[in-house]
Amino acid sequence: MSIQLETKHLTGFVSQEQISALKAEMEKACHEFDAGTCQGNDFIGWRTLPTDYDKEEFARIKAAAGKIRANSQVLVVIGIGGSYLGARAAIEFLGSQYYNNFADLQVYFVGNSICPEELSKVLKLCEGKDVSVNIISKSGTTTEPAIAFRVFKEYMENRYGKEEASKRIYATTDKARGTLKELSTLEGYETFVVPDDVGGRYSVLTAVGLLPIAAAGFDIDALMAGAQAGQKAFDNDEMNPCNLYAVIRNVLYRMGKKTELYTCYDPAFTMFNEWLKQLYGESEGKDGKGIFPASVIFSTDLHSMGQYIQDGERTLFETVLAFGGAREDVTVKAEEANFDGLNYLAGKTMSEINRTAMEATIMAHKDGGVPCMVIEVGKMDEYHLGELVYFFEHACAISGAMLGVNPFNQPGVEAYKKNMFKLLGKPGY
C-alpha cells in the first residue's frame, strides 16, 4: 500500500474520540457492501473490477489501441460525464495538460458540451490527419454525445467511405441492447462493454476509460495492477487510510464543514479534480445532503482563490494530494546581479520549492481555521493512478453510505433534460 493519509493538520479540529464514534458506521457500510445489501447494490461491480475483469475484452482493448496508434494521428473520444472525465483525467495525469503537443496520437474529447465552436475546432484539428473515433454511451441517446456522434459519423463516412469508416469507429456501450449497440451491429463497429453493474462515474477501470488510456500509449496492465493493490489494501472494514478518509469526511460534515476543497500542486491533476467532483458530487448530493466538492490547483489558485480559502466563511475543509518523485525538474541558478532577489533559492529545485509552498500553505490554512488532510501518493504513474482511482471510489461509496444516501444513483440529473426536451419539442415531452 503506497497511499498514506496524513492527519496531523486536523489537530484542534477532529479528535480521536470523534473518529472512533463513527467507526461502527463505517464497518456497517463495509459489511453491507460485502453482503450486497447496501443501497444501490445493483451497481457495486466496480469493487472487484481490478481482479474480476473480462480478460478477453482487455486483450481486445490493447489490440484495438495498437491498431488506432498504427493507423491514426487523432483519436476523437465522444462521451460525457463518467464516459469522459475518467479517461481524460488519466491521460492528463500521466501525460500532462500538454499531452497532445508531444504525442504521436492526439486525443480530443467531444460530446461533453453542446458548444458548436468546440466541436468545429476539433473537426478542424482533424484536417490532414488520419482519424479514429471512440463513441462511449450506454444508451446511445444521451443528447450531448449523440449530437457529436452524428457529426463525426457523417465526417468519417464522407472522408473514408462507410466500409473503411466502420473499421475506424469503436463503440463502448451496452453489451446487448440500446440504440448504439444496435447501430454498431448494423454498421460493423468493434464494440466494448459498459458493464451493467458499474455506473458511469465508477467506470474508468472498464473499457470506458481503458481504451482511450491505452490508445494514448499508457500501460493499462500497470494501471490495473495498481487498482488490484488498492482493492487488496482498502476493501475491508479496517481503519485503513481509505476508510479513515471516509470517516473523517463525515466527522467534518457533521461539524458544519460542508465544502471539500481538493488541492494539488501539479497542474496535471486538474482533470482528476474534475473527475473527483463528479464522483463525489453525483454520489453524495441528494436528499438535501452532501459535501460540496470544489477544487484548486496551487500555487496558481492561491493568487485567485487564496483569499477566500484563508479568510472566508469557515465551512471548508481541504484534502491535499501530494506526490513524490518529480518526473522532470528544474534547478534555480544563481544570477550575478540578483535582479529579482531570488539568489537565496540558488541550487534548489522547483520540486523542493513547490513542496515547501504546500507545507507553508497548509500551515496558513490551518491557522485560518481550515482543517486539512494530506493524501500522500508515491508518484504520478500508471500503477499509482490505478491505486488512487480505487482509493477514491471505495471511499466515496463508504462515505455516501455513512451519509445515508444511495451513492450509485443520480435522480437529479434528469430534471434539466426534461425541461430541455420540452423546450426543443422532443416528442412525448
Side-chain angles (χ1 to χ4, degrees), residues 1-3 27 29-65 82-83 85-87 89-90 136 138 170-178 181 190-215 218-238 240-243 246 275 279 283 381-401 406-409:
M1 177 172 59
S2 61
I3 294 177
E27 291 173 342
C30 291
H31 294 162
E32 288 179 351
F33 283 120
D34 287 339
T37 58
C38 59
Q39 290 191 72
N41 56 12
D42 290 343
F43 290 95
I44 57 175
W46 57 270
R47 293 182 65 234
T48 56
L49 263 180
T51 51
D52 187 25
Y53 59 92
D54 185 331
K55 308 304 189 293
E56 183 276 332
E57 183 181 63
F58 192 81
R60 286 199 301 114
I61 288 170
K62 292 198 287 186
S83 297
L85 282 170
I136 307 171
K138 183 77 169 171
Y170 302 82
T172 307
T173 188
D174 190 88
K175 64 181 177 182
R177 61 185 183 274
K181 176 60 178 175
E190 183 170 4
T191 60
F192 301 94
V193 174
V194 181
D196 289 336
D197 59 355
V198 179
R201 57 191 178 274
Y202 290 84
S203 68
V204 65
L205 298 176
T206 72
V208 170
L210 293 176
L211 180 56
I213 294 167
F218 298 110
D219 185 350
I220 60 174
D221 288 294
L223 181 75
M224 295 304 283
Q228 289 163 17
Q231 181 184 342
K232 182 178 179 181
F234 306 132
D235 191 9
N236 55 60
D237 67 353
E238 300 171 5
N240 59 58
C242 182
N243 288 336
W275 176 73
L279 179 65
S283 296
D381 62 11
E382 290 94 335
Y383 181 91
H384 292 89
L385 173 61
E387 191 177 14
L388 193 61
V389 165
Y390 196 88
F391 175 97
F392 278 116
E393 288 181 346
H394 181 80
C396 183
I398 298 301
S399 183
N406 179 350
F408 309 115
N409 67 355

Check your understanding: Any side-chain heavy-atom pair from I44 and D197 closer than 4.5 angstrom?
Key -> no
**Study point:** Distance (rounded to the nearest 0.5 Å) between Y390 OH and I3 CD1
**Key:** 12.0 Å
Revision key, fill the gap. When every non-hydrogen atom of E393 is compared with those of V204, the smallest separation belongs to OE2-CG1, 3.9 Å
**Study point:** V194 side chain reached by T206 side chain, heavy atoms, under 4.5 Å
**Key:** no
Review point. Looking at residues at least two apart in the chain, or sitting in another chain, which of them share a salt bridge (Lys or Arg N to Asp or Glu O under 4.0 Å) with E190?
Key: R60
**Study point:** Distance, nearest 0.5 Å, that separates SG of C38 from CZ of F43
**Key:** 11.5 Å
**Study point:** Closest non-hydrogen atom pair between D174 and K138, with its separation
**Key:** OD1-NZ, 2.9 Å
Check your understanding: Does the side chain of N243 come within less than 4.5 Å of H394's, by heavy atoms?
Key -> yes
Study note, to complete from the structure: Taking every heavy atom of A401 against every heavy atom of P407, the minimum-distance pair comes out as N-CG, 3.9 Å
Check your understanding: Looking only at heavy atoms, which two atoms of I398 and A246 are closest? And how far apart?
Key -> CG2-CB, 3.9 Å
Check your understanding: Between the side chains of H384 and D381, is a donor N or O closer than 3.5 angstrom to an acceptor N or O?
Key -> yes
Review point. Could you give all pairs that pass the salt bridge (charged side-chain N to carboxylate O under 4.0 Å, His left out) test and reach residues 224-238, with sequence neighbours left out?
Key: R47-D235
Check your understanding: Do Y383 and E387 have side chains that get closer than 4.5 Å, going by heavy atoms?
Key -> yes
Check your understanding: Which atom pair, heavy atoms only, marks the closest approach of A207 to V193?
Key -> CB-O, 4.0 Å
Review point. Is the centre of the F58 ring less than 6.0 Å from the centre of the Y53 ring?
Key: yes
Practice item. For residues L279 and Y202, determine if any side-chain heavy atom of one lies less than 4.5 Å from a side-chain heavy atom of the other. Key: yes
Practice item. Mind checking the CD-CD1 spacing from E56 to I61? Nearest 0.5 Å is all I need. Key: 9.5 Å
Practice item. Check for a donor-acceptor pair, side chain of S283 on one end and backbone N or O of F408 on the other, with a separation under 3.5 Å. Key: no
Study note, to complete from the structure: d(I213 CD1, F218 CZ) to nearest 0.5 Å is 9.0 Å
**Study point:** OH on Y170 to CG on L211, rounded to 0.5 Å
**Key:** 8.0 Å
Check your understanding: Tell me, do N236 and D34 make a side-chain contact under 4.5 Å, heavy atoms counted?
Key -> no
Review point. In Å and rounded to the nearest 0.5 Å, what is the CD to CG distance from Q231 to L205?
Key: 10.0 Å
Review point. What is the ring orientation for F33 with W46, classed by angle as parallel under 30°, tilted 30 to 60°, or perpendicular over 60°?
Key: perpendicular
Tell me which donor-acceptor pairs under 3.5 Å the side chains of residues 220-228 have, and how far apart each pair is, sequence neighbours excluded?
residue : atom : partner : partner atom : Å
D221    : OD1  : K62     : NZ           : 3.4
D221    : OD2  : K62     : NZ           : 2.9
Q228    : NE2  : P50     : O            : 2.9

Check your understanding: Under the 3.5 angstrom rule, does the side chain of S399 hit a backbone N or O of C396 as a donor-acceptor pair?
Key -> no
